[in-house]
Number of protein chains: 2
Amino acid sequence: MTTTANAKSVPGSTSSDAGPGAPKTARGARTRARILQAAEDTFGTLGYHRAGITDITRAAGVAQGTFYTYFAGKEEILRELVRDMGHQVRAYLAAEIVGVGDRLQAEERGLRAFLQYLFEHPSLYRVLQEAQFVDESIYREYYEAFGRGYLRMLADATRKGEIRAGNNEVRVWALMGMSNFLGLRYALWERDVPFDEIVATISDLFRHGLALDGKEKTQ
Amino acid sequence: MTTTANAKSVPGSTSSDAGPGAPKTARGARTRARILQAAEDTFGTLGYHRAGITDITRAAGVAQGTFYTYFAGKEEILRELVRDMGHQVRAYLAAEIVGVGDRLQAEERGLRAFLQYLFEHPSLYRVLQEAQFVDESIYREYYEAFGRGYLRMLADATRKGEIRAGNNEVRVWALMGMSNFLGLRYALWERDVPFDEIVATISDLFRHGLALDGKEKTQ
DNA sequence: CAACAATATGACAACTGATTCACCTTTCCG
DNA sequence: CGGAAAGGTGAATCAGTTGTCATATTGTTG
């Protein structure tokens, strides 16, 4: 149990390595999907550790053994899940910011969309954050993928002169951190501040900084 | 196992409810402290779930049973630990920003100090973040305490005219999120960007925003 | 429709790890 | 010194989990 885990230790396993065997019929595909969905719900509610395979299969309406027809174990289904959910958020966010004028507006839309998404899919937060402690690489992969896309957009914006020059990599991590915490606090814990106000506050930070306008100069 | 856990379910248990019994001699106090320290190391390295009571007591150099002389169980020692560690970071950060000129400078110092602290005490991140899924209230307590102090400072700064007026509560969560992610990425995962540069990047964001200077107006 | 492959079942073996408890050792103090 | 309280021990208990397997069902194809 000292190894960093990895049933199929093929180094560059790019995508769905689907463990034991990918489904070969439509029925199989459907069952696999049901189990995956059940895992999302179960992990989302009980958390990874409290959730048993039993809970997942019960929620999916299949027998325990069926689980192992499609997944090598609990850890593998988590990996699969995070990959899936990652694709979904990114797709959602990308769709929400197509055609906006500039980066600042994209940030506003993106933040609001993220808050909304998290509110509608609370499992995302839990599954993702908990995955971090099951296998750090799953988590890093998610944020690094997310970050790459983000970085590209900031670089574009810098080139177009929409934002100040600066270390965009660092900015990306700062921005992801902000969204994450704002989402946790205001979309998951307590919806006591309207998303509009949150977005406005952050937008003001992006447009003017925290300092009084023009008061401070770059030292 | 459905309840949200709580050995001693006294509602307003403010502080060290020290479970079974607080130590009554110096020897006892020492042993308790050794166990707490061992728990920090063990949770920090293996994580909460992989760490067994056995691992903790072995690291502390005591027998299994001794653990239960001072703590009601695994969950309680985690609670205690987070409380302790919380006090320590806050004290450290507070000490690092005494006597700085204004809020912007305090933010710079604070961020650097946080990165440094995290680098020197990597367990903090893991213990804290994992606690979230063991008992959310432990985690919320930590950030809410942290946030309260932060909010007070921002309110002061607003009053003194050091920063723009705005929703400081929301800002606090945004700022905590930033530090958290920057710490994870640049202090724990990979030290490939000097702290100075990170601080400079964020400082620039605070002083000027992301937008080109003076280009954008409040809509 | 016979025969074979893919799916599905669920009882259970094997194991892990938290907590208990009956008993021993050290310390303290009148 | 005596004995009571505090501290310490670790084998045994006990609850819960994962993953396996022999068997049954369903679907497919020549």
Side-chain angles (χ1 to χ4, degrees), chain A residues 1-3 5-8 18-39 42-43 46-80 130 133-135, chain B residues 1-3 5-8 18-36 38-39 42-43 45-81 130 134-135:
Chain A
M1 291 296 127
T2 334
T3 51
N6 225 324
K8 310 244 127 181
K24 285 168 184 170
T25 60
R27 176 165 70 130
R30 238 176 298 131
T31 305
R32 196 189 122 103
R34 281 225 312 287
I35 295 174
L36 206 59
Q37 178 61 50
T42 310
F43 287 158
L46 299 177
Y48 179 80
H49 288 97
R50 275 191 272 273
I53 301 296
T54 320
D55 299 307
I56 297 174
T57 52
R58 193 187 312 122
V62 299
Q64 318 242 65
T66 306
F67 179 93
Y68 295 93
T69 306
Y70 301 107
F71 304 96
K74 210 176 163 186
E75 221 175 290
E76 198 200 273
I77 201 176
L78 180 66
R79 212 182 309 275
E80 201 70 16
E130 224 173 346
F133 303 108
V134 177
D135 181 352
Chain B
M1 292 294 133
T2 333
T3 51
N6 225 324
K8 308 246 127 178
K24 285 167 184 168
T25 61
R27 175 164 69 132
R30 237 175 298 131
T31 304
R32 197 189 121 103
R34 280 227 312 287
I35 295 174
L36 206 58
T42 311
F43 287 159
T45 320
L46 299 176
Y48 179 81
H49 288 97
R50 276 190 272 273
I53 301 297
T54 321
D55 298 307
I56 298 174
T57 53
R58 193 187 313 123
V62 299
Q64 318 241 70
T66 307
F67 179 93
Y68 295 92
T69 305
Y70 301 107
F71 302 97
K74 208 177 165 187
E75 220 175 289
E76 199 201 272
I77 202 176
L78 180 66
R79 212 181 309 276
E80 200 70 15
L81 208 47
E130 223 173 346
V134 176
D135 181 351

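So you know, we letter chains A, B, ... as the sequences are listed, proteins then strands, and number each from 1.
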For the student: nearest non-hydrogen atoms of A:Pro23 and A:Tyr70, plus distance: CB-CE2, 3.8 Å
Short side-chain N/O contact to C:dA6 OP1/OP2 from A:Thr69, under 4.0 Å: no
Which atom of B:Ala51 lies closest to which atom of B:Phe43, heavy atoms considered: CB-CD2, 3.7 Å
Pairs flagged by salt bridge (charged side-chain N to carboxylate O under 4.0 Å, His left out) wherever residues 64-73 of chain A is involved - sequence neighbours left out: none
Derivation and outcome, side chain to side chain contact (heavy atoms under 4.5 Å, CB included), residues B:Glu80 and B:Phe71: CA-CA 9 Å; B:Glu80 200 70 15; B:Phe71 302 97; 4.3 Å; yes
Atom pair distance, as rounded to whole Å: CG in A:Leu46 and P in D:dT17: 10 Å
Sequence neighbours excluded - salt bridge (charged side-chain N to carboxylate O under 4.0 Å, His left out) pairs with any residue from residues 20-29 of chain B: none
Below 3.5 Å between N/O atoms, which protein atoms pair up with nucleotides 26-30 of chain C? Just atom names and distances, please.
none

Distance test, side-chain N/O of B:Thr66 to OP1/OP2 of D:dG7, below 4.0 Å: no
Spacing of A:Phe71 atom CZ relative to C:dA8 atom C1', expressed in whole Å: 15 Å
Per A:Pro23 side chain, nearest of listed nucleotides D:dT9, C:dT7, D:dA6: C:dT7
Ring pair (Phe, Tyr, Trp, His ring centres under 6.0 Å) partners for A:Phe133, two or more places apart: none
Side-chain atoms of residues 58-66 of chain A: list all donor-acceptor pairs with protein atoms under 3.5 Å, sequence neighbours left out, distances to 0.1 Å.
residue, atom, partner, partner atom, Å
A:Arg58, NH1, A:Asp55, OD1, 3.4
A:Gln64, OE1, A:Thr54, OG1, 3.3
A:Thr66, OG1, A:Ala63, O, 3.4

Audit row: A:Leu36, A:Ile77, side chain to side chain contact (heavy atoms under 4.5 Å, CB included) steps and yes/no: CA-CA 7 Å; A:Leu36 206 59; A:Ile77 201 176; 3.7 Å; yes
d(CZ, A:Arg30; P, C:dA6) in whole Å: 17 Å
Nucleotide D:dG16, atom P - distance to CG of A:Asp55 in whole Å: 12 Å
Sugar-phosphate or base contact per nucleotide [nucleotides 13-21 of chain C; S, B, -; heavy atom under 4.0 Å]: -----SBB-
